[in-house]
Amino acid sequence: MTDATALPGRPRGGVLSGPATARAVNVLAPNPSVMTLDGTNTWILSEPDSGLAVVVDPGPLDDGHLRHVVSTAEQAGKRVALTLLTHGHPDHAEGAARFAELTGTKVRALDPALRLGDEGLAAGDVVTVGGLELRVVPAPGHTADSLCFHLPADQAVLTGDTVLGRGTTVVAHPDGRLGDYLDTLRRLRSLTVDDGVHTVLPGHGPVLDDAQGAVEYYLAHRAHRLAQVETAVENGHRTPSEVVAHVYADVDRALWPAAELSVRAQLEYLKEHGIL
């Protein structure tokens, strides 16, 4: 058995649902799959002495899960006052409108199509609820509308699908772009170096206690995959599906369709930079 402390980002063991930091509680959605890992992490955030909470990524349209999120907050003496989205993929956002009905909250997101209410989210915004402070970090790459949320009081960052608690994520071409994703990873690395962030609260998988190690691993992984794709093309593997079969031969075939999205993004990146 591999020691978790030796894995990239030092993932925590144990049950995923429950308190993760002084201000963050996870409620795991019942939607496990090869793409969502154990399921979607729905985060309830609140100052310890406040009666108000923020929920990030209500998750899929599963009424039982959405009601469980509400009851978890209420059992802690909290009222959900605002809903935020890291991005619009259904496993994170499909339940947002129903959750807004249950809680009477507005939904804020980067994509106007996902919002309920007048306010969106943009880079540099600071969201404050009941004394809780969240700083909006632009995070395009996985998708064009991806955001992260910096929780300074806990030296933590909520990463959605940008950094996962286990494995690596997909650059969802054509909406996701590799150049944007690499810039996002460098931005997150700056948070770990300059702003003291050491905890990753991901959209899927366990909490990571070594944020810098996780981001460095992601950057190295992307550089390695990019080199593999370039070599595959030079060796005559021309189509995205051919490149996937060559480069991702050791990966579960159920993940090949997602891998092909990343390969398309990598091929586009190599062409844009005059390498292919």
**Report entry** ring-ring contact (aromatic ring centres under 6.0 Å, His included) partner of His204, chosen from His142, His92, His89
**Finding:** His92
Query raised in the report: Who pairs with His173 by side chain to side chain donor-acceptor pair (under 3.5 Å), at least two apart in sequence or on another chain?
Result: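 Result, side chain to side chain donor-acceptor pair (under 3.5 Å) vs His173: none returned.
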Query raised in the report: Residues two or more places apart in sequence or in another chain: which of them pass side chain to side chain donor-acceptor pair (under 3.5 Å) with Asp210?
Result: none
So, the side chain of [X] versus the backbone of [Y]: is there a donor-acceptor pair under 3.5 Å, distance only?
{"X": "Glu242", "Y": "Arg238", "result": "yes"}
{"X": "Arg12", "Y": "Ala20", "result": "yes"}
{"X": "Arg108", "Y": "Leu82", "result": "no"}
{"X": "Trp256", "Y": "Ala249", "result": "no"}
{"X": "Ser50", "Y": "Gly130", "result": "yes"}
{"X": "Asp175", "Y": "Ala172", "result": "no"}
{"X": "Arg23", "Y": "Leu45", "result": "no"}
{"X": "Thr128", "Y": "Glu133", "result": "no"}
{"X": "Thr192", "Y": "Arg189", "result": "yes"}

Requested in this report: Show the numbers, then the answer: is there a side chain to side chain contact (heavy atoms under 4.5 Å, CB included) between Met35 and Asp91?
Outcome: CA-CA 10 Å; Met35 291 299 294; Asp91 57 311; over 6 Å; no
**Report entry** More than 12 heavy atoms of other groups within 6.0 Å of Asp252 CG
**Finding:**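 Yes, enclosed.
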Is there a path of hydrophobic side-chain contacts, each under 4.5 Å between heavy atoms of I/L/V/M/F/W/Y residues, joining [Y] to [X]?
{"X": "Val107", "Y": "Val70", "result": "no"}
{"X": "Val25", "Y": "Leu132", "result": "no"}
{"X": "Leu52", "Y": "Val55", "result": "no"}
{"X": "Leu84", "Y": "Val157", "result": "no"}
{"X": "Val200", "Y": "Val193", "result": "no"}

Requested in this report: Take Thr162 and Thr169 through the side chain to side chain contact (heavy atoms under 4.5 Å, CB included) test and state the conclusion after the steps.
Outcome: CA-CA 7 Å; Thr162 297; Thr169 198; 5.9 Å; no
Report task. Please step through side chain to side chain contact (heavy atoms under 4.5 Å, CB included) for the pair Tyr218 and Thr168, ending with a clear verdict. Result -> CA-CA 7 Å; Tyr218 266 57; Thr168 55; 4.1 Å; yes
Query raised in the report: With ILVMFWY side chains joined below 4.5 Å, transitively, what does Val126's cluster contain besides itself?
Result: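 Other cluster members: none.
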Report task. Under 4.5 Å between side-chain heavy atoms, chaining through other members, with only Ile, Leu, Val, Met, Phe, Trp and Tyr counted: pull out the rest of the cluster around Leu16, sorted by chain and number. Result ->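 Besides Leu16, the cluster holds Leu28.
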[X] and [Y]: which non-hydrogen atoms are nearest, and at how many Å?
{"X": "Leu66", "Y": "Phe99", "value": "O-CE1, 3.7 Å"}
{"X": "Ala214", "Y": "Leu208", "value": "CB-CD1, 3.7 Å"}
{"X": "Ala53", "Y": "Lys78", "value": "CB-CB, 4.0 Å"}
{"X": "Ala81", "Y": "Val129", "value": "CB-CG1, 3.9 Å"}
{"X": "Asp154", "Y": "His198", "value": "O-CE1, 4.2 Å"}
{"X": "Ala265", "Y": "Val171", "value": "CB-CG1, 3.6 Å"}

Once you round to the nearest 0.5 Å, how far does [atom1] of [X] lie from [atom2] of [Y]?
{"X": "Leu151", "Y": "Arg135", "atom1": "CG", "atom2": "CZ", "result": "10.0 Å"}
{"X": "Glu272", "Y": "Leu267", "atom1": "CD", "atom2": "CG", "result": "11.0 Å"}
{"X": "Leu102", "Y": "Thr83", "atom1": "CG", "atom2": "OG1", "result": "10.0 Å"}
{"X": "Leu178", "Y": "Leu226", "atom1": "CG", "atom2": "CG", "result": "6.0 Å"}
{"X": "Leu191", "Y": "Thr159", "atom1": "CG", "atom2": "OG1", "result": "11.5 Å"}
{"X": "Tyr217", "Y": "Arg222", "atom1": "OH", "atom2": "CZ", "result": "10.0 Å"}

Query raised in the report: Asp57 pairs by side-chain hydrogen bond (donor to acceptor under 3.5 Å, both in side chains) with which of Thr42, Thr86, Asn41?
Result: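 Per the side-chain hydrogen bond (donor to acceptor under 3.5 Å, both in side chains) rule, the option paired with Asp57 is Thr86, out of Thr42, Thr86, Asn41.
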Report task. Please report the C-alpha distance between Asn31 and His65 in whole Å, then the side-chain angles of each, then the deciding distance to 0.1 Å, and finally whether the side chain to side chain donor-acceptor pair (under 3.5 Å) criterion is met. Result -> CA-CA 10 Å; Asn31 61 332; His65 169 65; over 6 Å; no
**Report entry** Criterion side chain to side chain contact (heavy atoms under 4.5 Å, CB included) on Val127 and Val136, from CA distance to verdict
**Finding:** CA-CA 8 Å; Val127 178; Val136 179; 4.2 Å; yes
Is the shortest heavy-atom distance from the side chain of [X] to the side chain of [Y] under 4.5 Å?
{"X": "Thr231", "Y": "Gln228", "answer": "no"}
{"X": "Pro138", "Y": "Arg187", "answer": "yes"}
{"X": "Cys148", "Y": "Leu188", "answer": "yes"}
{"X": "Phe149", "Y": "Val54", "answer": "no"}

Query raised in the report: Checking side chain to side chain contact (heavy atoms under 4.5 Å, CB included) against His87, which of Thr143, Leu147, Leu114, Leu110 comes through?
Result: Thr143
Requested in this report: Sequence neighbours left out, what passes ring-ring contact (aromatic ring centres under 6.0 Å, His included) with His273? Give chain and number order.
Outcome: Tyr269
Requested in this report: Check side-chain contact (heavy atoms from CB on, under 4.5 Å) between His68 and all other residues, then give those that pass, not counting sequence neighbours.
Outcome: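 With neighbours one apart ignored, the set is Val27, Ser71, Thr72.
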Report task. Identify whether the distance between the nearest side-chain nitrogen and carboxylate oxygen of Glu268 and Lys271 falls below 4.0 Å. Result ->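 Answer for the salt bridge query: no.
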Query raised in the report: Is any side-chain N of the basic residue among Glu260 and Arg264 closer than 4.0 Å to the acidic one's carboxylate O?
Result: yes
